[in-house]
Amino acid sequence: MNTTFDEESQPLVTRPVTRRRDNSVASFLARGRSNTINSLRSGYETVKKHKNEFWLLIIGSLMLYLGFTLAFLPRTSLSRDFRRLYFGKLTKSEAFRIYIESLMKENKCSTHVEQYTSHKHWAGDRFVLDYTVSELSKLGFTPRLEKYHVWLNEPVYTEVTLWDNGNLKYNASMVEDDISISDENTLTEKVMAFHGYSANGTAQSQYIYSNYGTLEDYEQLRLNNIDTRGKIHIIRYGSGVRGISVKNAEDNGALGVILFTDSFDDGLITEKNGYKPFPHGPARHESSIERGSVLIFSDSPGDPSTPGYASKKGSGRKNTSDAVPSIPSVPMSEREIAPILHRLNGKGFEWKNKGNVKGFDYFSGPSEPGIECKVSNHQNYLIKEISNVIVEIPGILKQQEVIIGNHRDAWTTGGAGQPGSGSAILLEIARGFSALHEKGWKPLRTIKLISWDGEEQGMLGSTEYGEDHRDSLQRGTIAYFNLDGGVTGSKLNVKANPLLNELLVLSSKRTLFKEDPETTVYDYWKQSSNVSLEILGAGSDFTVFQNNLGIPSIDFSFERDPKTDAVLPFHSSYDSYEWIQKFVDPDFSLHSTMAAFVGMSILSLTENELVGFKTHEYMVEISKYFKTMYNDISVVFPHDTLIDTLRKNLADLLELLTTHTSIDFDAMVDNIKQQTEQDYPWWKWNKKLEILTRLISANSKLRKLDRYFITERGIKGRPFMKHSIFAPNRVTGYQGDVLPGLHEAILSKDRQECIFWLETLITQLDKVVSLLTI
């Protein structure tokens with residue numbers, strides 16, 4: 001029975017209900033599908049009927065959107081476009097800021113120097129290798145090792161004795177005194193006095209004092225009728241590369257050589273002038289011994305058994321008789337040489353320049369007959385594995401790179417100033433780059449950080465690397481930055497290829513000195529040396545890059561001011577952590593300043609689209625040195641028509657380069673730089689394309705410039721030195737020489753060499769004129 005209610009008075013109540021089929025879910029979905037199909041058919045028919053109007057509407061909407069977007073696009077520079085194209089996450093200014101801030105937060109140089117000087121570390125040492133790899137790995141890098149197998153020596157024993165008619169009168173200890181600032185820091189690993197690449201052997205004979213062992217000193221001995229042949233020659237350090245002194249002695253008949261340190265050459269800071277010696281004062285301790293290599297690395301650095309090619313396992317080895325001395329040599333301290341030298345008093349002639357050796361009046365000798373010196377040198381020569389540690393930070397432009405390097409091997413347990421301070425700074429630079437890397441930074445140009453091995457013996461690691469990678473380095477390396485004695489004093493010393501001068505000055509203005517907001521590195525540099533920039537010579541790892549490969553290089557250091565700073569106990573056991581902490585950089589703020597300055601210089605070169613070289617200063621430097629030779633050429637080669645014509649042609653080329661070509665080119669480069677950083681609206685894309693083309697052209701020319709001065713033959717007698725503008729001075733070695741081939745031809749009065757170098761320079765500079773002509 002159904003119960004019904006009045007529809008208006010009561011709601012529907014319970015009763016059996018039968019649902020109509022057309023109200024089912026299936027029917028509902030069916031109707032929906034049918035309606036959809038009908039709608040699509042209807043819409044399609046409508047679109048088909050009005051298809052032209054439909055497509056016009058779509059296109060119009062797109063055009064309106066694009067027009068709106070383009071109308072409100074920001075003006076951008078080519079520089080910013082370039083970064084966006086390669087998904088660069090940091091602007092240049094942000095990169096500079098983050099790098100500096102990371103260094104200001106903490107300073108780890110003290111820890112690094114202490115670790116690097118904790119035990120003896122000759123070439124191939126595993127401890128400093130493992131420490132370097134570990135520290136770089138902690139920063140998020142993946143260091144790789146490049147190994148070479150080099151021929152070198154390690155000491156077995158050295159001995160110097162004095163004999164009086166067959167009776168032993170004196171036997172030198174050949175080690176430094178065991179001294180320290182505290183009982184906890186004694187010399188636990190003493191290293192005997194020895195020379196790298198010194199010949200094995202024993203020599204005993206009368207002896208002479210040859211002053212600094214220069215060619216002029218030996219001429220003075222001849223003028224005073226001193227027979228130098230068959231003698232032991234005693235020479236004081238100070239004239240330059242020690243290998244040249246040994247070679248000069250060998251050429252003058254020496255049987256053996258003793259090199260000693262005379263504190264007189266330390267300047268004002270000496271015991272004789274009232275200063276206390278290390279460890280209680282800044283003066284040199286009298287038992288300090290300067291070890292070092294007697295390889296003539298100013299002629300040819302690297303493994304002398306593999307000249308011109310890399311020393312690898314199984315490499316063919318050549319005879320080294322022309323590259324290393326054939327007579328034994330040893331170093332000694334000022335104190336231990338004194339009993340030998342004072343036997344020369346009143347013998348021979350008295351040298352004009354004096355010194356501080358106690359009891360010695362600086363006579364030449366020779367010693368009396370029967371008074372003889374015996375030099376014994378026993379070295380173990382071997383093929384030893386050395387390892388360069390390389391960290392690569394890939395850049396956007398992978399085929400362009402900047403290298404920063406420092407060596408980590410030393411002669412003793414010490415080596416705090418050289419090279420420990422430089423090694424610490426290299427790790428701090430790596431830490432700054434690591435902080436950038438964590439922010440997603442990718443440099444424009446690839447950066448390589450390299451810890452060299454085997455530098456002390458004769459730049460072995462860097463030279464073998466240069467010889468191994470010659471082609472790729474010459475193709476892609478923009479510049480090489482070098483650290484060695486990073487901090488050994490307070491005087492900022494920068495040696496550089498002049499192409500990099502302006503970049504260095506600008507970087508110094510961006511870097512605070514010791515984090516003082518009121519003083520920049522530039523301010524300090526100007527106050528201390530009027531922003532003096534020197535040229536490169538030899539004696540560190542930049543040699544292969546600048547002088548052999550034609551890669552513009554820089555060497556950075558805070559070096560000793562002889563008027564105010566503690567004496568650097570060079571290559572002795574006293575170049576220790578305690579020395580650098582107490583007398584050089586107690587808070588290691590100079591280390592941090594150097595890390596900031598070098599890092600800013602690297603970033604200035606890697607982060608700017610335009611290579612930061614300037615040509616005018618380079619051409620002026622060449623011209624300045626040629627002017628000093630101009631008259632000498634006519635004096636040495638009078639009435640020589642060919643030489644005179646070549647001389648004038650070279651002068652005309654340099655005049656053109658210094659007064660017009662380089663000035664105009666640098667102005668053009670400045671203009672490109674300005675346009676690269678200038679904002680343009682999108683519709684001036686063709687203008688940006690034009691700037692990009694000019695930018696690529698200018699960079700290509702700047703990168704090629706220094707390679708133009710590489711000669712295949714090299715300097716006469718020094719084929720490794722292939723750069724016609726820069727080479728180490730042949731006489732001193734450490735100092736640089738400009739136009740070295742021409743200079744040496746004038747000094748030796750060699751007409752054919754003079755013609756060769758005048759013609760070579762004219763050809764090279766003519767190419768430079770063509771390269772730089774706008």
Side-chain angles (χ1 to χ4, degrees), residues 110 113-122 128 155 158 172-195 236-238 242 259-273 275-292 330-338 356-358 409-424 456 484-490 557-562 565-586 588:
S110 175
V113 173
E114 189 170 22
Q115 288 298 312
Y116 274 116
T117 58
S118 61
H119 81 288
K120 180 183 70 183
H121 46 295
W122 291 339
V128 290
T158 56
S173 72
M174 306 301 285
V175 293
E176 287 105 342
D177 289 353
D178 189 1
I179 59 173
S180 67
I181 294 175
S182 63
D183 292 338
E184 291 78 20
N185 294 309
T186 57
L187 298 177
T188 55
E189 288 187 88
K190 291 187 176 182
V191 177
M192 72 181 66
F194 78 105
H195 281 149
R236 69 199 281 186
Y237 280 118
R242 63 188 67 79
L259 288 164
F260 76 95
T261 307
D262 194 320
S263 62
F264 179 86
D265 297 311
D266 292 334
L268 177 66
I269 313 298
T270 65
E271 275 194 87
K272 197 169 184 178
N273 290 330
Y275 292 89
K276 291 183 178 180
F278 180 80
H280 305 295
R284 181 187 302 275
H285 193 279
E286 63 179 356
S287 74
S288 177
I289 301 171
E290 179 183 324
R291 298 155 186 83
V330 295
M332 290 184 72
S333 68
E334 179 180 296
R335 186 180 67 199
E336 292 209 318
I337 196 66
N356 290 343
V357 177
K358 294 175 181 176
D409 60 301
W411 293 105
T412 67
T413 304
Q418 292 189 322
S421 62
S423 296
E456 294 291 5
D484 188 343
V487 179
T488 57
S490 63
S557 66
F558 278 107
E559 66 174 12
R560 178 184 177 237
D561 184 335
D565 293 341
V567 174
L568 168 64
F570 189 56
H571 290 178
S572 82
S573 297
Y574 303 143
D575 179 11
S576 61
Y577 175 79
E578 291 77 21
W579 172 76
I580 210 166
Q581 183 187 48
K582 185 172 182 179
F583 296 107
V584 182
D585 193 20
F588 288 84

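What's counted below: heavy atoms across the whole structure, side chains too, no hydrogens, waters or symmetry copies.
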**OP:** Check the pair Ser118 / Tyr577 against side-chain hydrogen bond (donor to acceptor under 3.5 Å, both in side chains), numbers first and verdict last.
**Re:** CA-CA 9 Å; Ser118 61; Tyr577 175 79; over 6 Å; no

**OP:** Step by step, work out the side-chain contact (heavy atoms from CB on, under 4.5 Å) result for Tyr237 and Asp265.
**Re:** CA-CA 9 Å; Tyr237 280 118; Asp265 297 311; over 6 Å; no

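- Contact annotation: the side chain of Asp409 never approaches that of His121 to less than 4.5 Å [non-hydrogen atoms, C-beta and beyond].
- In this structure a side-chain-to-backbone donor-acceptor pair under 3.5 Å is missing from Gln418 to Asp484.
- Contact of the Val357 side chain with the Phe260 side chain is registered, since non-hydrogen atoms from C-beta on lie closer than 4.5 Å.
- In this structure, Pro279 and Ile179 approach most closely via the heavy-atom pair CD-CD1, 3.6 Å.
- Atom CZ of Phe278 sits about 10.0 Å away from atom OG of Ser288, to the nearest 0.5 Å.
- Looking at Asn273, its side chain does come within 3.5 Å of a backbone N or O of Leu268 through a donor-acceptor pair.
- In terms of modelled atom types and a separation under 3.5 Å, the side chain of Arg284 and the main chain of Glu271 share no donor-acceptor contact.
- A donor-acceptor contact shorter than 3.5 Å links the side chain of Asp262 to the backbone of Asn356.
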Original post:
Step by step, would you call Val113 with Phe588 a side-chain contact (heavy atoms from CB on, under 4.5 Å)?
Top reply: CA-CA 10 Å; Val113 173; Phe588 288 84; 4.0 Å; yes

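- Put simply, the side chain of Glu336 reaches to within 4.5 Å of the side chain of Ser173, judged on heavy atoms.
- Atom CZ in Phe194 sits 9.0 Å away from atom OG1 in Thr158 (nearest 0.5 Å).
- Without hydrogens or angle criteria, Glu176 side chain to Ile289 main chain gives a donor-acceptor distance under 3.5 Å.
- Here the closest heavy-atom approach between residue Phe583 and residue Pro282 is recorded as CE2-N, 3.8 Å.
- Between the side chains of Asp565 and Ser490, at least one donor N or O sits under 3.5 Å from an acceptor N or O.
- Of the possible polar contacts, one joining the His571 side chain to the Arg291 backbone as a donor-acceptor pair under 3.5 Å is found.
- Residues Ser421 and Gly485 approach most closely at OG-C, 3.9 Å, considering heavy atoms.
- When atom types are taken as modelled, the side chain of Glu334 and the backbone of Ser263 share a donor-acceptor pair closer than 3.5 angstrom.
- Residue Ile580 comes nearest to Val487 through the heavy atom pair CD1-O, 3.4 Å, listed as atom of the first residue, atom of the second, then distance.
- From Thr488, atom OG1 reaches atom CG of Asp585 across 11.0 Å, with rounding to the nearest 0.5 Å.
- Expressed to the nearest 0.5 Å, how far CZ of Arg236 lies from CD1 of Ile337 amounts to 12.5 Å.
- Put simply, the side chain of Ser287 gets close to the backbone of Asp177: a donor and an acceptor are under 3.5 Å apart.
- Contact record, Ala193 with Pro331: CB-O, 3.4 Å, taken as the closest heavy-atom pair.
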**OP:** Give the intermediate values and the outcome of side-chain contact (heavy atoms from CB on, under 4.5 Å) for residues Lys190 and Asp178.
**Re:** CA-CA 8 Å; Lys190 291 187 176 182; Asp178 189 1; 3.7 Å; yes

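- You'll find the side chain of Trp579 reaches within 4.5 Å of the side chain of Val584, heavy atoms only.
- When all heavy atoms are compared, the tightest approach of Glu290 to Thr261 is CB-OG1, 3.8 Å.
- Judged by distance alone, the side chain of Trp122 and the main-chain N or O of Trp411 form a donor-acceptor pair under 3.5 Å.
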